[in-house]
Each structure stands twice: as C-alpha cells, then as structure tokens.
Amino acid sequence: MILRMIHYSNFIQGQFVESTHGNVITVINPATGEAISTIPDSSDEEVAAAVNAAEVAQPEWAALPAVARAKQLHVLADTIRAQVEPLARVITEEQGKTLPLARVEVNFTADYIDYMAEWGRRIEGEIIESDRPKENIFLFHKPIGVVAGILPWNFPFFLIARKLAPALLTGNAIVLKPSEETPNNAFEFCKLLAETEIPAGLVNMVSGSGAGAGRALTENAKVGLISFTGSVDTGSRIMQTAAQHMTRVNLELGGKAPAIVTKNADLDLATTAIQASRVINSGQVCNCAERIYVQRDVAEAFTEKLVEKMNAARFGNPLEDETVDYGPMVNQAGFDKVMALLESAVNDGAQVLCGGKRGADTSGYYIEPTVVANCTQAMDIVQSEIFGPVIPIIVFDEIDEALAMANDTEYGLTSSVFSTDINEAMNCVEALKFGETYVNREHFEAMQGYHAGWRKSGIGGADGKHGLYEFMQTQVVYLQRS
Ligand code: NAD
C-alpha cells in the first residue's frame, strides 16, 4: 500500500527550494519494494547555498540569550508532539520499523529537544585563579558557528534532534543531510519549523548521496563542526576530508556489543533483554547486543530460553500489521550483509538453532529471527557488525576468558553484563573497555547520559552535559585591572 508518491525539495533559508539540475534519488519502502518518493541528489552549489544561509543566520541567533533560544526549542518539541501519528507513519514507511517503535521515536525526539532546551539556564563558564594581582581569567563557552549534521537511517528522526537541539541551544546554525534511505521524515520535520520562530536559514536540510552532498558538506570550509552518525568506514572518510580545513568532528559510529551472561545471571531477564536487543528495529541498532558469551554451567538453559523467545518474534509489513515485533531490513545491501555473515559462519562450523532464512514474503527484505551456536571468536559473525535479527553465541568457562574475548574487537561502543552477583558484575564492568556498559538491563541509553564510543566506534559523544558542550568552543579572557 503506497501512502503517497511525493517529491521533496531541499529546505534552504526557510524555503523548500526546487533543485535546478533535476537529478533525483528514489526512496523505497523496504517492506514492499515500492518507490514512495523522490529527493534531490544535491549538487555542490546547493549544499554551499545551505551552508551560506546558515552562516548568515547564525550571529543574530547566537546573540540571543540562551533561554530565548530554548523557548523556540520547546515550541518545536510541542509541535512534534502534535504530529506523532503522521510522522511515525512516514518513518515506518521508509525505514521499516514497527509503528509502535516509530511513535516512541517521535515522542522521544520531542522529549530530547525539551531536555536540551532545559540547559538554557545551566551552561556555565569558569573563573580561573590568576598568577597576577588584580587579574581575572574567565573561560567562556561560545558557539562554533555552522554545524553539519550527517544522519544515518536507523533512527532517522531522533538523530535530527540529537544534532539540532544541542547545536541550536548553544547558538549554532545547522545544515543537515539525511540518509538517502530515509529522507522523507527529515523534510516533514522541516515543515514543522514554520510553527516556531526559529529564523530562516538557521536550520537547512539538503539531501543526496554520501559521496555527493555528504562529501560537499564536509569539504565546506565554512563548516566548523561535523557531527556524524553512521558507519566506521564513512566516519574515517569524513575525518580525512575534515583534515583539509581542520574542521572539528564528532563521530558516533558502529558497534559490536558483547553481552556476558555468567552462571549467576537471571536467565529470564538476560534472555528477554537480549531477544529485545536483536528484534527491536530488526536488530539495526548500534548499541544492541551483537554477540553473546555465556558461561558453560548455564549455556544450555540460556540457549533454550533464548531460542524460544526468538522463535516467538513475529515479523512482517509494519504498516499492514501493527502487532509485528519487527519489520524488514532497511535495504538489499543490509539484507545481503546479514545473509553473507550467516553463510560464512555456517561454512566455518557454526550451527543455526532457529531461523537463518529469508522470510516467506519476498517482496520485503525480511530475515527470520536467528540464533547461531558453536561460534568462535575468529568468525566474521563475531567480529563484524551484523545489524540484523541474528545473534551468535560463544560458550566460556572462566570470566577472564569472556572478558578477553569481549574486549577483542576494533569497536568500543557498548557492552553488557548479566549477573546477580554484584561483585562479579562490577569486576566485569571494570575490565570492559567500552564507552557504555549495561548491567542487568536492556540495551538503551538515556538522554542525560553520555553516548560515546571507544576505539573505532567514534570520537566525542552525544547526550547529557558532555554531549552538549561538544557543540561549543572555549574562549579564555584575561582581564587585567589597573
Ligand atoms: P553510513 O555511514 O552508510 O551513512 C551515514 C550517512 O553518511 C548517510 O547520510 C550517508 O549518505 C553519509 N555519507 C556516506 N558517505 C559519505 C561521505 N563520504 N561523506 C559524507 N557523508 C557520507 O551509515 P548508515 O548505513 O546510514 O547507518 C548505519 C551505521 O550507523 C551502523 O554502522 C550503525 O552502527 C551506525 N550508528 C551509530 C550510532 C551511534 O550512536 N554510535 C547510532 C546509529 C547508527
């Protein structure tokens, strides 16, 4: 069922601007394979126009008290809340997540904007003791100027807020580039700005390919900070481009989260959390458990429970059936990657305990909920990000063995431990080399935390005070009195 076939235009200087060259990208509903919209494949000139508009709008915005900027963010949050259902449907149609999850994403986005706006009265500088008499040293936090926000497809609407809200609250302007897989919700977002008094040019949206519009944005010398969420490969390319102008980067990249389940774990809790982790958004979540290390004493009982829960997960077209647990993979490439990892694991001796195949409805990119046992640390399925409803299991004897395998990865985003023994759990936490660790809970971060990957999972982070301050630069002032 096609909701509509629509053409979107770039949003520059407060207007939807038709592209002059006519090159477009077609957006597909991954549940049906149907084309649902076209978007501009923006030229370098169009991207430059968006950056110029941001550069012009920024100083006046920065001159406002932070609390006045915050007021407009609160208006934006309320505007989003008034449109939850239509926005959720747009997200589901282009990305494939379930409608309940899309509604959560939209509401969470509004809450996130409110949360960041609440910092309007809380940003603090410093007064530093001087070596000299009659001198004060002040440290101010200042806006950077123009921020480029480059977005992935897995939580496309929320990621707009994760970049825009801290950027605007701290006095920056922003140019966003949505993923070419999920641009529709981003252009729908731009329509909501009309309900606010956020000035024209402060928020701009340009669509296009990564190699085209994405590259042009990161090459632009007027951009002061590139805030990027996406894959490690793209993050590495962006860093190389950013080096040309010494542009600051904030990179939220991929993960390969280990979950350690010890013999002291509450197995019901562990299997529920891990199943949810693999099923939510079809397993396409950066911080969710991607590989399980389970202690031999409980391996059989754990695996039995996990297989039972994975088998119970229902998938299908999320716009036709609101009760499915998950929808399709976002595209053919994502589908192919998961199937290739599964095939290589089986060739190397792994055993598929449930699932492992394409869903019967081949009009969408569906994959059955899958548990893979007899895995070894060297397998690709244990080393590479899966991003699908598939979970590999490795059995261990001693905790140190599990910790060594958990840390044996080029990623460092999240990790988790399941143990009711607080000493054991905290000893694991101390040894795990990851930016985020969940103990006896599901894999999801809070907006007041700090989501930041180690190693190849990123540079800098998002959320909370520490994420907010990354959108500012410091100025130290020495005031010598006579
Ligand atoms: P991706 O890297 O393929 O694309 C992300 C964005 O970068 C898209 O908008 C794309 O057009 C753009 N892009 C591609 N090449 C570019 C270039 N050379 N210059 C500038 N921009 C370019 O990632 P994806 O497939 O959209 O997202 C999935 C990945 O994102 C996964 O690896 C996932 O783990 C990661 N992710 C991380 C977090 C986090 O918080 N750490 C959150 C969500 C997703």
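Remember, it's 1-based here, ligands and their atoms both numbered in the order they're listed. By convention here, the first residue in the shown sequence is residue 1.
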Item to check | Residue, atom name and distance, where the atom is the protein heavy atom closest to atom 20 (C) of ligand 1 | outcome: Gly214 C, 3.2 Å
Checklist outcome for this item: the protein heavy atom lying closest to atom 7 (O) of ligand 1 turns out to be Phe228 CE1, 3.1 Å
Item to check | Interfacing atoms of ligand 1 (cut-off 4.0 Å, heavy-atom, Arg162) | outcome: 40 (O)
Checklist entry - Where does His451 meet ligand 1, judged by heavy-atom distances below 4.0 Å: at the side chain, the backbone, both, or neither? => result side chain
Checklist entry - Is it true that Gly453 lies under 4.0 Å from ligand 1, counting heavy atoms only? => result no
Checklist entry - Given Glu385, Lys256, Arg237, which has its nearest heavy atom closest to atom 32 (O) of ligand 1? => result Glu385
Item to check | Check: Glu181/Asn331 side-chain N/O donor and acceptor closer than 3.5 Å | outcome: yes
Item to check | Location of contacts on Thr241 toward ligand 1, heavy atoms closer than 4.0 Å | outcome: neither
Item to check | Rounded distance [0.5 Å steps], CD1 in Ile280 versus CD in Gln275 | outcome: 10.5 Å
Item to check | Tyr112 vs Asp463 side-chain heavy atoms within contact, under 4.5 Å | outcome: yes
Item to check | Minimum-distance protein heavy atom relative to atom 17 (C) of ligand 1 | outcome: Gly210 O, 3.4 Å
Item to check | Sub-3.5 Å N/O-N/O distance, Leu253 and ligand 1 | outcome: yes
Checklist entry - Does an N or O anywhere in Asn154 fall below 3.5 Å from an N or O of ligand 1? => result no
Item to check | Contact atoms of ligand 1, heavy-atom distance to Glu180 under 4.0 Å | outcome: 8 (C), 9 (O), 10 (C), 11 (O)
Checklist outcome for this item: A student checking ligand 1 against Thr229 at a 4.0 Å heavy-atom cut-off should list atoms 5 (C), 36 (N), 37 (C), 38 (C), 39 (C), 42 (C), 43 (C), 44 (C)
Item to check | Within-cut-off N or O pair, Ser231 and ligand 1, under 3.5 Å | outcome: yes
Checklist entry - Hey, does Gly230 come in under 3.5 Å of ligand 1, counting only N/O atoms on both sides? => result yes
Item to check | Side-chain donor/acceptor of Gln58 to backbone N/O of Gly171, under 3.5 Å | outcome: yes
Item to check | Glu219 side, atom CD; Ile238 side, atom CD1 - distance, nearest 0.5 Å | outcome: 11.5 Å
Item to check | Under-4.0 Å heavy-atom contact with ligand 1, by part of Glu219 that carries it | outcome: neither
Next on the checklist: To the nearest 0.5 Å, what is the distance between OG on Ser207 and CZ on Phe11?
Outcome noted: 13.5 Å
Checklist entry - Tell me, which protein residue and heavy-atom name are nearest atom 39 (C) of ligand 1, and how many Å apart are they? => result Cys286 SG, 3.3 Å
Next on the checklist: Give me the atom names and distance for the closest heavy-atom approach of Trp153 to Ser179.
Outcome noted: CB-OG, 3.7 Å
Checklist entry - Is there a donor-acceptor pair closer than 3.5 Å between any side-chain N or O of Lys309 and the backbone N or O of Ile274? => result no
Next on the checklist: I need the single residue from Glu252, Glu470, Glu445 that forms a salt bridge (Lys or Arg N to Asp or Glu O under 4.0 Å) with Arg162. Which is it?
Outcome noted: Glu445
Item to check | Proximity of Phe155 to ligand 1 by residue part, where a heavy atom lies under 4.0 Å | outcome: neither
Item to check | atom 8 (C) of ligand 1: nearest protein contact (heavy atom, Å) | outcome: Leu151 O, 3.2 Å
Checklist entry - What is the minimum heavy-atom distance between Ala259 and Ala289, and which atoms define it? => result CB-CB, 4.0 Å
Next on the checklist: Donor-acceptor check, side chain of Tyr326 to backbone of Ile367, threshold 3.5 angstrom: yes or no?
Outcome noted: yes
Checklist entry - Under 4.0 Å from any heavy atom of Glu252, which atoms of ligand 1 are there? => result 37 (C), 38 (C), 39 (C), 40 (O), 41 (N)
Checklist outcome for this item: The closest protein heavy-atom partner of atom 27 (O) of ligand 1 is Pro152 CB, 3.4 Å
Next on the checklist: Looking at every non-hydrogen atom in both residues, tell me the closest pair between Tyr115 and Lys465 and how far apart they are.
Outcome noted: OH-N, 4.0 Å
Checklist entry - Looking at atom 33 (C) of ligand 1, what's its closest protein heavy atom, distance included? => result Phe387 CZ, 3.2 Å
Item to check | Ligand-residue contact atoms, ligand 1 with Pro178, heavy atoms, under 4.0 Å | outcome: 9 (O)
Checklist entry - Got the closest protein heavy atom to atom 25 (O) of ligand 1, with its distance? => result Trp153 NE1, 2.8 Å
Checklist entry - Has the side chain of Glu290 got a donor or acceptor atom that lies under 3.5 Å from a matching backbone atom of Ile386? => result yes
Item to check | Under 3.5 Å: donor-acceptor pair, side chain of Arg122, backbone of Glu118 | outcome: yes
Item to check | Atoms of ligand 1 close to Ile150 [distance to a heavy atom under 4.0 angstrom, numbered from 1] | outcome: 6 (C), 7 (O), 9 (O), 12 (C), 20 (C), 21 (N)
Checklist entry - Taking only heavy atoms of Lys177, which atoms of ligand 1 are found under 4.0 Å from at least one of them? => result 9 (O), 10 (C), 11 (O)
Checklist entry - Does any N or O atom in Ser457 lie less than 3.5 angstrom from one in ligand 1, N or O only? => result no
Checklist entry - Taking the six-membered ring for Trp, is the centroid-to-centroid distance between Phe108 and Phe444 below 6.0 Å? => result yes
Item to check | Over 12 foreign heavy atoms within 6.0 Å of CE, Met339 | outcome: yes
Next on the checklist: Out of all atoms in ligand 1, which are within 4.0 Å of some heavy atom of Arg215? Include the element for each.
Outcome noted: 19 (N), 20 (C)
